[in-house]
Amino acid sequence: MYTFSNRLKIGSFIAMAVGLIFLVIGFASAPSTVEEAKAIVASAHHDDHGGGHAEAADDAHGEAAGHGQEAAHEEGHDASHDEHLLHQLQNRPWSALYVAAFFFFMIALGVLAFYAIQRAAQAGWSPLLFRVMEGITAYLVPGGIIVFVILVLSVLHMNHMFVWMDADVVAHDKLLQGKAGYLNPTFFLVRAAIFLGGWIFYREISRKLSLAQDESDDNTNFVKNFRWSAGFLVFYLVTESMMSWDWIMSLDPHWFSTLFGWYVFASMFVSGITVIAIVSIYLKSKGYLENVNDSHIHDLAKFMFAISIFWTYLWFSQFMLIWYANIPEEVTYYIARFQDYKLPFFTMLVMNFVFPLLVLMNSDYKRINWFVIMAGIVVLFGHYLDVYNMVMPATVGDQWHFGIPEIGGILFFGGLFVFWVFNTLTKHPLQPKRNPFVEESRQFHY
């Protein structure tokens with residue numbers, strides 16, 4: 001049975017503590033008045049924004065001379081624009097919190113989908129990894145609760161991330177009025193509760209049946225798990241798409257994409273598989289999972305490569321069709337990202353497509369554990385940037401920075417994720433005993 005090392009436990013607590021402090025600093029430094037917001041922007045302009053954000057902001061504001069244009073821009077602000085600027089700056093710590101909370105939650109949800117697919121397909125290669133997957137999916141409970149709390153606080157107008165939740169905005173927007181039957185706070189939270197309840201319910205019942213199978217003298221629990229998994233995949237395919245519309249796409253309520261559910265799925269799926277590989281390699285290096293061999297890691301790395309290409313296919317399909325059609329209400333989504341988010345947008349594309357294509361195509365490299373971990377870290381950060389690019393332009397506009405709140409979110413939720421997952425792994429033996437395919441998994445070599 002796995003023993004949670006004190007070093008890893010202390011590291012996760014330190015990350016959570018530092019992350020929490022950074023998040024508090026982020027919220028404390030957010031402006032509370034229009035005057036404070038204008039002062040922050042003026043100070044940022046005076047400092048020329050610094051680094052990559054200066055370049056992005058300069059591109060967004062054109063080629064005119066910097067200081068004169070900034071002064072004219074500020075003088076031209078009306079009260080409505082000033083209030084919008086205030087909301088953007090107030091949204092930044094909330095958005096940093098939301099991006100990190102959703103990212104680590106989606107990892108667990110991606111693993112749950114992969115786990116259910118293995119169960120429903122009755123795969124013979126993967127049973128030795130089931131306990132790892134069950135440990136990672138345990139994070140659905142705390143991660144899901146935190147995301148739900150953020151959504152509730154959004155409904156209570158503690159932030160301005162979801163503009164369609166503002167009755168004054170809806171009153172002057174015919175398009176949002178037409179969507180009010182679906183995009184309304186009560187139905188929004190009801191749907192979120194159904195999504196989370198269904199995902200967590202399947203995870204708990206599948207875990208229970210998996211453990212019961214170890215102590216059983218027949219395959220009854222295995223068959224039940226197969227049936228639950230097959231049924232869950234139908235539920236998952238519907239609810240994951242709706243979740244992506246609600247929690248991410250509705251941040252831009254005037255924009256929509258029929259591919260968006262699949263796009264978010266591909267991101268969470270490859271992130272989840274990557275974490276399975278990293279955790280499995282770590283446990284194996286510590287003397288656990290002794291029957292997991294390079295062929296298992298090779299298959300996980302193959303999935304990392306394949307789903308990275310699938311993600312790229314969906315990204316390009318969504319982008320190319322919108323850009324080619326050149327319909328104003330659709331292309332604004334990408335124009336905002338091209339103008340104000342060049343650095344994170346194109347860095348994300350390189351990390352999620354170019355890098356996996358170059359380093360994971362070779363079959364031999366997929367069997368080198370440290371190489372898979374290195375590739376996995378890059379892929380994970382690339383998909384964090386993917387979530388960042390989906391959320392930030394809609395919530396903070398061009399007032400983005402990557403600083404204390406964003407780092408704090410990564411540290412806090414990363415520490416919580418590591419603690420919850422590895423603590424769960426200590427509860428039961430890491431190798432299933434009576435899975436009908438466990439011997440096939442043990443002899444998996446090619």
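Remember, it's a predicted structure, so these values are computed and weren't measured experimentally. Note that the numbering runs from 1 along the sequence shown for the chain.
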When you compare the side chain of [Y] with that of [X], does any pair of heavy atoms fall below 4.5 Å?
| X | Y | value |
| --- | --- | --- |
| Trp255 | Glu329 | no |
| His296 | Leu128 | yes |
| Met304 | Val372 | yes |
| Ile297 | Arg367 | no |
| Tyr365 | Val359 | no |
| Trp199 | Thr137 | no |
| Leu411 | Met16 | no |
| Leu251 | Met161 | yes |

Could you tell me whether [X] and [Y] have a side-chain N and a carboxylate O separated by less than 4.0 Å?
| X | Y | result |
| --- | --- | --- |
| Glu406 | Arg92 | yes |
| Glu83 | Lys38 | no |
| Asp252 | Arg337 | yes |

Inset, instruction - For Tyr446 and Asp299, test the side chains for any donor-to-acceptor distance below 3.5 angstrom and give the result as yes or no. - result: yes
Legend entry - Under 3.5 Å side-chain donor-acceptor pair for Glu330 and Trp323: no
Looking at the rings of [X] and [Y], which for Trp means the six-membered one, are their centres under 6.0 Å apart?
| X | Y | value |
| --- | --- | --- |
| Phe256 | Trp245 | no |
| Trp400 | Tyr341 | yes |
| Phe232 | Tyr236 | yes |
| Tyr313 | Trp262 | no |
| Phe412 | Phe104 | no |
| Phe103 | Phe413 | no |
| Phe422 | Tyr282 | yes |

Inset, instruction - Determine the interplanar angle of the Tyr384 and Tyr388 rings, folded into 0 to 90°, and report it as parallel if under 30°, tilted if 30 to 60°, perpendicular if over 60°. - result: tilted
Where do [X] and [Y] come nearest, in terms of heavy atoms and distance?
| X | Y | value |
| --- | --- | --- |
| Ile136 | Ala108 | O-CB, 3.7 Å |
| Ile150 | Ala101 | CD1-CB, 3.9 Å |
| Pro31 | Ala37 | CB-N, 3.7 Å |
| Arg131 | Leu425 | O-CD2, 3.4 Å |
| Leu314 | Ala266 | CD1-CB, 3.8 Å |
| Val270 | His383 | CG1-NE2, 3.2 Å |

Could you give the distance from [atom1] ([X]) to [atom2] ([Y]), rounded to the nearest 0.5 Å?
| X | Y | atom1 | atom2 | answer |
| --- | --- | --- | --- | --- |
| Phe316 | Leu349 | CZ | CG | 10.5 Å |
| Ser271 | Ile276 | OG | CD1 | 11.0 Å |
| Leu176 | Trp164 | CG | CH2 | 10.0 Å |
| Leu89 | His160 | CG | NE2 | 11.0 Å |
| Leu129 | Phe444 | CG | CZ | 10.0 Å |
| Phe346 | Met348 | CZ | CE | 9.0 Å |

Backbone of [Y] reached by a side-chain donor or acceptor of [X] within 3.5 Å:
| X | Y | value |
| --- | --- | --- |
| Asp82 | Val34 | no |
| Asn184 | Ala180 | yes |
| Ser250 | Trp247 | no |
| Asn352 | Gly382 | yes |
| Ser244 | Ser241 | yes |
| Glu440 | Trp125 | no |
| Lys366 | Met361 | yes |
| Asn389 | Leu385 | yes |

How about [atom1] on [X], more than 12 heavy atoms from neighbouring residues, nucleotides or ligands closer than 6.0 Å, or not?
| X | atom1 | answer |
| --- | --- | --- |
| His254 | NE2 | yes |
| His172 | NE2 | no |
| Lys302 | NZ | yes |

Inset, instruction - Walk me through it: do Gln318 and Tyr263 pass the test side-chain hydrogen bond (donor to acceptor under 3.5 Å, both in side chains)? - result: CA-CA 9 Å; Gln318 182 173 264; Tyr263 178 77; 5.7 Å; no
Inset, instruction - Kindly determine whether Tyr202 and Ser229 satisfy side-chain contact (heavy atoms from CB on, under 4.5 Å), including the steps that lead there. - result: CA-CA 8 Å; Tyr202 166 72; Ser229 299; 2.6 Å; yes
Inset, instruction - Take Tyr139 and Ile107, measure what side-chain contact (heavy atoms from CB on, under 4.5 Å) needs, and give me the verdict at the end. - result: CA-CA 9 Å; Tyr139 182 76; Ile107 290 174; over 6 Å; no
Inset, instruction - Determine, stepwise, if the pair Met374 / Phe371 fulfils side-chain contact (heavy atoms from CB on, under 4.5 Å). - result: CA-CA 5 Å; Met374 179 271 294; Phe371 195 87; 3.7 Å; yes
Inset, instruction - Is it possible for you to check whether Arg191 lies under 6.0 Å from the centre of the six-membered ring of Phe187, through NZ or CZ, and within 45° of that ring's axis? - result: yes
Inset, instruction - Take Ser210 and Arg119 through the side-chain hydrogen bond (donor to acceptor under 3.5 Å, both in side chains) test and state the conclusion after the steps. - result: CA-CA 10 Å; Ser210 178; Arg119 287 283 186 184; 3.0 Å; yes
Legend entry - Worked check of ring-ring contact (aromatic ring centres under 6.0 Å, His included) between Trp315 and Phe319: CA-CA 6 Å; Trp315 180 91; Phe319 166 76; 5.2 Å; yes
Inset, instruction - Show the numbers, then the answer: is there a ring-ring contact (aromatic ring centres under 6.0 Å, His included) between Phe162 and Phe188? - result: CA-CA 11 Å; Phe162 297 88; Phe188 177 79; 5.6 Å; yes
Inset, instruction - I would like to know whether Trp94 and Phe27 meet ring-ring contact (aromatic ring centres under 6.0 Å, His included); could you show each step before the answer? - result: CA-CA 8 Å; Trp94 282 100; Phe27 278 97; 5.1 Å; yes
Inset, instruction - Go through the steps to decide whether Phe353 and Ser308 satisfy the test side-chain contact (heavy atoms from CB on, under 4.5 Å), and finish with yes or no. - result: CA-CA 6 Å; Phe353 169 55; Ser308 292; over 6 Å; no
